[in-house]
Amino acid sequence: MPGAFLPSEYLAILMLLLVGIAFGVITLWIGRYFRVQRPYFEKLVAYESGNPPTEAPRMRFSVKFYTIAILFIVFDVEAIFLYPWALVYDKLGMFALVEMFIFIILLLVGFIYAWKKGNLQWDK
Amino acid sequence: MQILILLVQIAILVGVVLLHVAYATYFERKIIGHMQVRMGPMLVGWHGLLQPIADGIKSFFKEDIIPEQADKPLFLAAPIICLVSMMVSLAVLPFAKGWALADINIGLLFIFAMSSLASYGIILAGWASNSKYTLLGGMRSMAQVISYEISLGLSLVGVMMLSGSLNLTQIVEAQGSSFTGMYIFTQPVAFFVFFVAMLAETNRVPFDLPEAETELVSGYCTEYSGMRYAMFFMAEYIGMFVMASIGVVCFLGGWNGPFNVPFFPPIWFILKVYLIMFVFIWIRATLPRYRYDQLMTIGWKLLIPLALGNIFFTGLVKIVIN
């Protein structure tokens, strides 16, 4: 559909974005004049089940999160590659199927490697 | 002039959806109440019908606590990022033919992009609050959302292959021309993958690990109070609405009735969205929560291979039929 790229369509999205931001900011801003504001030390301390906080809150976290993030990038890009492929699938026919099969096989090798390596296993 | 018309349309859309979101919380409490053989909210208004409004007014007047250790700009911005990115995806939803605010040709991709932006709000909230619970909740939420986003994206490739479009209106129209008027019959595996991924994306039970109250208090919004907390809440429910709408558009035939039974189209759309929302709530009342490693295992080892297999199978069937 060539005519669908009219900027006016995206104007609506831009406006909704601005309205959304305005909604959030204005609600909070007006609320300032109505809500109670009585801060004291105990209230402003980070919650830790009633105890005074121990150690720095920004502790180290598991390296697993990083590997998951890297895998995510690989697979998300794959998914994005599949979108245009899916759209023109009818026109390309057999060629598209074989081509995408090869592409997915290549990725599957990486996927199986990560699997065997234990990167998908959280409790190891 | 055009801008004025757009503003009115946006006001109607946002107003309707926010009202819907408010009453979605009411229905959730009511349905879970009845499933657990109790009444749910009863006191404010007839059968508690004014409860969501009372809740909104209450959170508006609550103190806005900003922890001393918090990273203030990020802490203040996070709920708004969450809410806005969810709200913007409303623009492309077609409630009936021509009833989409922005009928862009990459509608589905746009919704994915926006729901990914919402996870920035979550991780920023977790980081900026400077508390252990919020950081853990934010990290978990991030890992969960990005893991399930892959299967969510892959599950819809089958629908794209059948309809040949990313435009939500065209997807619905392509479905209307098929025999059953719904892709759920031709893409059952994709629907299963989509549904599970949808539960995880919107942080619903059984995948509500980010806010598992037994271990992480309230997850990434532990330090938030008053209106900002309400904004996270609204974002979550708008997210549910958007995801349910994608499900309706891609698998349940959008505004067309089942087997193309004619009726006022937006009613069909809303009824189907309510059906999916009801199943969300039903699942919440029924299932216990998964462990975190089980969650990751399901996402990576079950859903992604299933979704890839489904794509390949769909391609094969299409070749054979042609």
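Lettering follows sequence order; numbering is per chain, from 1. If you're wondering where the values come from, they're calculated on a predicted model, not measured in any experiment.
Of the listed residues (A:A79, A:G31, A:A86), the one with the most heavy-atom contacts under 4.5 Å to chain B is A:A86. Looking only at heavy-atom pairs under 4.5 Å with chain B, the residue among A:L17, A:D76, A:I30, A:L14 that has the most is A:L17.
Within a 6.0 Å sphere centred on OH of B:Y292, other residues, nucleotides and ligands contribute more than 12 heavy atoms. The environment of CZ in B:F61 is crowded: more than 12 heavy-atom neighbours from other residues, nucleotides or ligands sit within 6.0 Å. In the displayed structure, A:Y66 atom OH is contacted under 6.0 Å by at most 12 heavy atoms of other residues, nucleotides or ligands. Counting heavy atoms of neighbouring residues, nucleotides and ligands inside a 6.0 Å radius, atom CZ of A:F65 exceeds 12 of them.
Only the backbone of B:I66 comes within contact range of chain A, judged by heavy atoms closer than 4.5 Å. Contacts of B:I321 with chain A are absent, with no heavy-atom separation under 4.5 Å from either backbone or side chain. Of the atoms belonging to A:V19, it is side-chain heavy atoms, and not backbone ones, that fall under 4.5 Å from chain B. Using a 4.5 Å cut-off between heavy atoms, B:L135 touches chain A through its side chain atoms alone. Heavy atoms closer than 4.5 Å to chain A are found in the side chain of B:E223, but not in its backbone. Looking at B:L7, the atoms closer than 4.5 Å to chain A (heavy atoms on both sides) sit in the backbone and in the side chain alike. With a threshold of 4.5 angstrom between heavy atoms, A:L71 approaches chain B through its backbone and through its side chain. With a threshold of 4.5 angstrom between heavy atoms, A:V25 approaches chain B through its backbone and through its side chain. For a residue to count as touching a neighbouring chain, one of its non-hydrogen atoms must lie under 4.5 Å from one of that chain's; by this rule B:V88 touches chain A with backbone and side chain alike. Proximity to chain B is limited to the side chain of A:I104, based on heavy atoms less than 4.5 angstrom apart. Both the backbone and the side chain of A:F72 come within contact range of chain B, with heavy atoms under 4.5 Å apart. Residue B:M142: no heavy atom, backbone or side chain, is found under 4.5 Å from chain A. Only the side chain of B:M231 comes within contact range of chain A, with at least one heavy atom under 4.5 Å from a heavy atom of that chain. Of the two parts of B:I3, the backbone and the side chain both hold a non-hydrogen atom closer than 4.5 Å to a non-hydrogen atom of chain A.
Side-chain atoms of B:Y148 come within 3.5 Å of backbone atoms of B:L295 as a donor-acceptor pair (strictly under, hydrogens ignored). At distances below 3.5 Å, at least one donor-acceptor pair connects side-chain atoms of B:S225 with backbone N or O atoms of B:E63. Not one N or O on the side chain of B:S129 forms a donor-acceptor pair closer than 3.5 Å with the backbone of B:G126. No donor-acceptor distance shorter than 3.5 angstrom exists from the side chain of B:Q170 to the backbone of B:N167, with no hydrogens or angles considered.
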Should B:V92 and B:L168 be marked as a side-chain contact (heavy atoms from CB on, under 4.5 Å) after you check the CA-CA gap, both sets of side-chain angles, and the distance that decides it? CA-CA 8 Å; B:V92 295; B:L168 295 177; 4.1 Å; yes

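Using modelled atom types and a 3.5 Å distance limit, the side chains of B:S116 and B:E149 yield a donor-acceptor pair. A donor-acceptor contact closer than 3.5 angstrom is absent between the side chains of B:D64 and A:Q37.
Within residues 70-79 of chain B, the residues approaching chain A closer than 4.5 Å by heavy atoms are, in numerical order, B:D71.
A:W85 and A:F81 have their aromatic ring centers separated by at least 6.0 angstrom.
Evaluation of the side-chain contact (heavy atoms from CB on, under 4.5 Å) rule for B:K58 yields B:K62 as partners, not counting sequence neighbours.
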